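Working notes for the structure below.
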Amino acid sequence: MATIRIPTPLRPYTGNNGQVTVNGGTVGSALADLTDQYPDLRPHLFEGDTLRSFVNVYLNQEDVRHLQGPQTAVAADDTLMIIPSIAGG
Amino acid sequence: MLSPVYQPVYRPKSITARPQTQAQRLEELIGNTPLLDLSHTAVAHGLSPRVALFAKAEWFNPGGSVKDRAALNIIRTAEKDGSLHPGMTLIDSTSGNTGIAYAMLGAARGYRVKLVVPQNISPERLAILRAYGAELIFTDPLDGSDGALEEARRLAAADPTLFYARQYDNPANWRAHYLTTANEIWQQTDGTITHFVAGMGTSGTFMGTMRRLKELNPAILGHAVQPDSPFNGLEGLKHMPTAIKPGIYDESLADDVRTVRTEDAYKMARFLARHEGVFVGISAAAAVWAATAVGQKLEAGTIVTILPDSGLKYLSERFWSE
Ligand SMILES: Cc1ncc(COP(=O)(O)O)c(C=O)c1O
């Protein structure tokens, strides 16, 4: 079971959890399991089946777009992070 | 008859008096930005020919963004009231543009500048801040701008020798726009502005400009622009319902709040670059998107919006090629 760290602005949709453990052997299936657990999250992250273009997912500090995207393999002790963009000021 | 040949008379100049030249100090270049006519955008988005759409090109400021105005007024106000003097270090949290403005002005005026920024700050902003010599303190990217704000408060409280600029709570932020932006808009539209549309980060731009515009003509309507969701790609804007509310934010100044979806702002950024020749950042595109939505409901009027910065700091984003 990998861990996904949730940024503050998305915590209202995860019952205020800052991290969620998920099933799935790839980034795509891990995110699918996350949004199955918390369906209200889905429209914030996905447009149809694709990740919205401003949503950045990091696997152990590396942007998954620079790895194999949704097909990137995820091990049980890996941590995924969903990174927000930077708000005003 | 030929006129006599003009012979300039060269007189030796005193070496002690400063010559009368056109040279200016950096901070004199802040403000008085051009007002752009976005008529192609207006027509393409179905606005009536009697609705004008104009926008302030804030990247003409020397630091490249609208935030030069706020940073300059915050620094000048603090110098006047004695809370900031030479040799001191200024600290604040920032998403980038205010930090760039502080770093530029600090370098020009002899202050050290310490900035608290979320670690996922864009590579372009990071490179600019480093070029100006600012000291950077990084906070957890998962905590966003509010995490940086809390860390700046903590650091400032722990070290009273720092000047804490407090852009979210400092009235000198909105007063910059009350004193400059609003009056420029009034003059540049010959007093014909009917609607003002602007995004909100600290809310300084919207608060200050609207306060002054309402004094000049109480019938002018203010439309504040916000992201549609707390999780969005509209860098520079704040989702007020879920973020730490800025001390300077007064929601009663907005006659209307427009929410913008990130994908619509991206689309407008591409449209402005490709059909208007105006290459702007994401929050600028969001403001123009909202301004066209306001305009579609009007039969006649003059809409003015703010383009906080250019597209240069967003070149590493993927949406330009989508
Ligand atoms: C790109 C961008 N847009 C909009 C804003 C919002 O301006 P204000 O803080 O005056 O509300 C900022 C603030 O830093 C910004 O950097």
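Labels below follow one simple rule: chain letters A, B, ... track the order of the sequence lines, proteins then strands, and each chain is numbered from 1. From a predicted model like this one, the values you see are computed outputs, not experimental measurements.
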Checking B/Thr242 against chain A: side chain, backbone, both or neither under 4.5 Å from a heavy atom? neither
Reported CZ-to-CZ distance for the pair A/Arg52 and B/Arg261, which is rounded to 0.5 angstrom: 4.0 Å
Picking from B/Asn173, B/Asn232, B/Thr94, which has the most non-hydrogen pairs under 4.5 angstrom with chain A? B/Asn232
Chain B contact via A/Tyr13 - which portion, at a heavy-atom distance below 4.5 Å: side chain
Minimum-distance pair of heavy atoms, taken over all atoms of A/Pro84 and B/Phe231: CA-CE1, 3.5 Å
Closest approach of B/Asp143 and A/Arg11, non-hydrogen atoms and distance? OD1-NH2, 4.3 Å
Mind running side chain to side chain contact (heavy atoms under 4.5 Å, CB included) on A/Met81 and B/Asn120 for me, showing each step along the way? CA-CA 12 Å; A/Met81 278 203 286; B/Asn120 54 320; over 6 Å; no
Residue A/Leu10 versus chain B: region with a heavy atom under 4.5 Å: side chain
With a 4.5 angstrom heavy-atom cut-off, which part of A/Leu45 approaches chain B: side chain, backbone, both or neither? side chain
Nearest 0.5 Å, please: how far is CG in A/Asn56 from CZ in B/Arg318? 5.5 Å
Could you state the interatomic distance from CG (B/Leu142) to CD (A/Gln19), rounded to the nearest 0.5 Å? 9.5 Å
Check: B/Ile282 and A/Phe54 side chains under 4.5 Å, non-hydrogen atoms: no
Is the count of non-hydrogen atoms from other residues, nucleotides or ligands lying under 6.0 Å from B/Glu251 atom CD greater than 12? no
May I ask you to name which of B/Ser95, B/Gly201, B/Ser65, B/Ser93 has the most heavy-atom pairs under 4.5 Å with chain A? B/Ser95
Which atoms of B/Asp92 come close to chain A, meaning under 4.5 Å heavy atom to heavy atom: side chain ones, backbone ones, both, or neither? neither
So B/Glu322 and A/Ser53, do their side chains get closer than 4.5 Å, heavy atoms only? yes
Looking at B/Asn97, B/Leu149, B/Thr262, which has the largest count of heavy-atom pairs under 4.5 Å with chain A? B/Thr262
Less than 4.5 Å to any heavy atom of chain A: does that hold for the side chain of B/Gln167, its backbone, both, or neither? side chain
